[in-house]
2 protein chains.
Amino acid sequence: MQTPTLRDVAEAAGVHAATASRALNPATRGLVNVDTARRVIKVADSLGYRPNPIARGLKTARSGTVGVVIPDLTNPLFPPIARGIERGLEAAGYSALLVNTDNDSGRERAQVESLLSRQVEGLIVATALVEHPLLEELHRRGVPMVMVHRRPDGFEVPSILPDDAAGVRLAVEHLAALGHRRIAHLAGPTTTSTGVVRARAFHSAVRDLGLDADPSLTTTCALWSEESGAVALRRLLDGGADLTAVVAGNDLIALGCYDVFTERGIECPADISVVGFNDMPFLDKLRPPLTTVAIPHHEIGTEAARLLLDAIGDPTRPSRSVLFPLSLVVRGSTAAPARG
Amino acid sequence: MQTPTLRDVAEAAGVHAATASRALNPATRGLVNVDTARRVIKVADSLGYRPNPIARGLKTARSGTVGVVIPDLTNPLFPPIARGIERGLEAAGYSALLVNTDNDSGRERAQVESLLSRQVEGLIVATALVEHPLLEELHRRGVPMVMVHRRPDGFEVPSILPDDAAGVRLAVEHLAALGHRRIAHLAGPTTTSTGVVRARAFHSAVRDLGLDADPSLTTTCALWSEESGAVALRRLLDGGADLTAVVAGNDLIALGCYDVFTERGIECPADISVVGFNDMPFLDKLRPPLTTVAIPHHEIGTEAARLLLDAIGDPTRPSRSVLFPLSLVVRGSTAAPARG
DNA sequence: CCGGCGACTGCAACCGAGTGCATCCCGGGG
DNA sequence: CCCCGGGATGCACTCGGTTGCAGTCGCCGG
């Protein structure tokens, strides 16, 4: 026999399907006699009964799934978040439907439609793109959602993001403690909120700590990539910038610095120290291992799941956002400057 | 109004719901008058009608989703496969439900049950674990499935896996062409099929090319990890093995070699060349960049999707397995040996 | 002894789409 | 002129569970 249905259970227990349904559902179990309920439950799992979520969903308009929209699963940032989300959902019996958008807004729209038509009850969106339109529309349609790593502007959505500003400050403080005074910043693209926030945090940290706040020590990368990082550092160096340390917008940009170091025979950390951001995997395998700011991706994921479940449970609940503390992972790419 | 239903469309088009259903479904469209069909279709998309897959699934027992079982999404091997799978599915209108098992067979069982209860039509299993029982049971239950990166023994399931033997041969040939004759192999654990296959391939390649087939040049790692790799290489070196190159069971093991090189002041590639396996991300950032065998993960994913769709379409079709050709990515960790 | 209340349980109508079968209508052939 | 055939469409039931409502029964108080 195929998987038994509710009616099979009911029949085997000698009750009506409706009663069996109520007995099996903890929320309605109170409506049926304790003994009957017990009997039904026993029969149910002796038969190996598993309720069919499809059928249940048809009536209740609930599917037990949420959609997770990710720009690029191969970006090492996202898998830990995805796992965190799964973990956060599973306790509530929900599961996650993951989709990739490849940062293409057409694909994103299509994927989201597909999720919605599959009756996901909510969305966790981890996009870096600055495209409001789709998100805003979904928000208006009343689709419960949570944003990860990005706060939408213009409308209220619960979001959960790393405390980038505090992270940058940790990096700068670390370098300052080592004795660095002329610290450069290779900022991420200004088209991303992260890039802007980190750059701003860098400047105020430098100012607060009384370090040399020389505008010629800052430049912006066109992309979050190694090439852009290398280009940016070359630009600084060729401009004659006098620096002993670099705070990179993220790890990839820091990796670009490594390329320039090799190119020009610069020793790291002896000549220049570098701090990255994100703590990608395998950073400890580099020569030298990269000091970086670690983001608790997994926790961010579980928290996102929690927020979404809350929003699904009570759509009127005011949107609440969470800022996650970061930590500095000190490795071999930072040391005291060689010269004063 | 919420998303329109089939009945809304039917009413708006002035026909019965059944007719609308037939008109909208390409397979049954021939049963209805061409003009009626056209009209229904026009009304449907002017209303923005999207069939509800839940309802459809209830009747047809088809959900348009397949389950993808992955041991660990944070292992960089899997995300590209997952993307490939999604790509392969989307053309057919299917989507993927991803789950992590964390290599825990209890979790795996629970996750698979959850997938099954969500009416997935098939499973793509990318597990390294050697636990037949669950898989065999599913196979008996007639659940369509495809295995990735592993061939089950004992029963017939379509599987799709990289041609490890050919990959190892490429590596050995590359080293031989550079002039190496005493090549070591740090094999992966013998508990994994991959470990065994690669080791066997290594030996036959060495023999076929007439290189020094010294058994003291081979050893086995306890795990697929850097630590195990380092331990293994130390064992070889301490045993006085005379070698000029290493073929590592995978990239992590190769990374372990790097640690030993630093430890003992060995220059790579001047003193010893190393070849990895898998082409993990960011290998090109290492010092020196690691030469490795690349696996076309994405293609493997799309192919897995295709096989599964085939199996779903025709469950009686004999199981067919695919071996994927690999390629060698030559970087800086291999060079001609310093001495003969 | 009867009315009534409350605890259980059964009935039946859904949810939204798919589908076997009956029906209807129209044209053509006998 | 009638009947037959077949294309087009509608009816009604089904998938598996949920749920409002109604009915049953036992028990208590008046």
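Quick caveat: nothing in here was measured; it's all calculated off a predicted structure. Every chain is numbered from 1, with letters handed out A, B, ... down the list of sequences.
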Next item on the list: Could you grab the distance from atom CD1 of A:Ile85 to atom CD of A:Glu303, nearest 0.5 Å is fine?
Entry: 11.5 Å
Next item on the list: For B:Asn33 and D:dG10, give me the distance from atom CG to atom P, rounded to whole Å.
Entry: 11 Å
Next item on the list: Nearest whole angstrom, please: distance from the C1' of C:dC14 to the CG of A:Leu58.
Entry: 9 Å
Notebook entry, point to check: Has A:Ser21 got a side-chain N or O lying under 4.0 Å from the OP1 or OP2 atom of D:dG17?
Noted result: no
Checklist line | Pairwise 5' ranking along DNA chain C for A:Arg7 and A:Val34, keeping only the more 5' one | finding: A:Val34
Notebook entry, point to check: With sugar-phosphate meaning primed atoms plus P, OP1 and OP2, does A:Leu31 contact a base, only sugar-phosphate, or nothing at under 4.0 Å between heavy atoms?
Noted result: base
Checklist line | Atom-pair distance (CG on B:Asp8; P on C:dG16), nearest Å | finding: 9 Å
Notebook entry, point to check: How close or far is atom C1' of C:dG18 from atom CG of B:Leu6, stated in whole angstroms?
Noted result: 9 Å
Check: Counting side-chain heavy atoms from C-beta on, which of D:dT19, D:dA12, C:dG16 comes nearest to B:Ala55?
Finding: C:dG16
Item checked: Contact under 4.0 Å: A:Thr60 side-chain N or O vs D:dT18 OP1/OP2 -> no
Margin query: Whole angstroms only, please: what is the NE2-P distance between A:His16 and C:dA12?
Written below: 8 Å
Check: Cut-off 3.5 Å, side chains only: do A:Arg50 and A:Thr3 have a donor facing an acceptor?
Finding: no
Notebook entry, point to check: In whole Å, what is the span from the CZ atom of B:Arg29 to the P atom of D:dA8?
Noted result: 14 Å
Check: Starting at the 5' end of DNA chain D, which residue's closest nucleotide do you reach first, B:Lys59 or B:Thr36?
Finding: B:Thr36
Next item on the list: Could you state the atom-to-atom distance from CZ of B:Arg56 to C1' of C:dT19 in whole Å?
Entry: 14 Å
Checklist line | Flag side-chain contact, heavy atom, 4.5 Å: A:Thr101 against A:Ile70 | finding: no
Next item on the list: Could you tell me whether the side chains of B:Thr302 and B:Arg306 share a donor-acceptor contact shorter than 3.5 Å?
Entry: no
Notebook entry, point to check: Which value, rounded to the nearest 0.5 Å, describes the distance between A:Leu308 atom CG and A:Ile124 atom CD1?
Noted result: 5.0 Å
Item checked: A:Asn52 CG to D:dT14 C1', straight-line distance once rounded to whole Å -> 14 Å
Checklist line | Given D:dT19, C:dT19, C:dG16, the nucleotide with the shortest approach to the side chain of A:Arg22 | finding: D:dT19
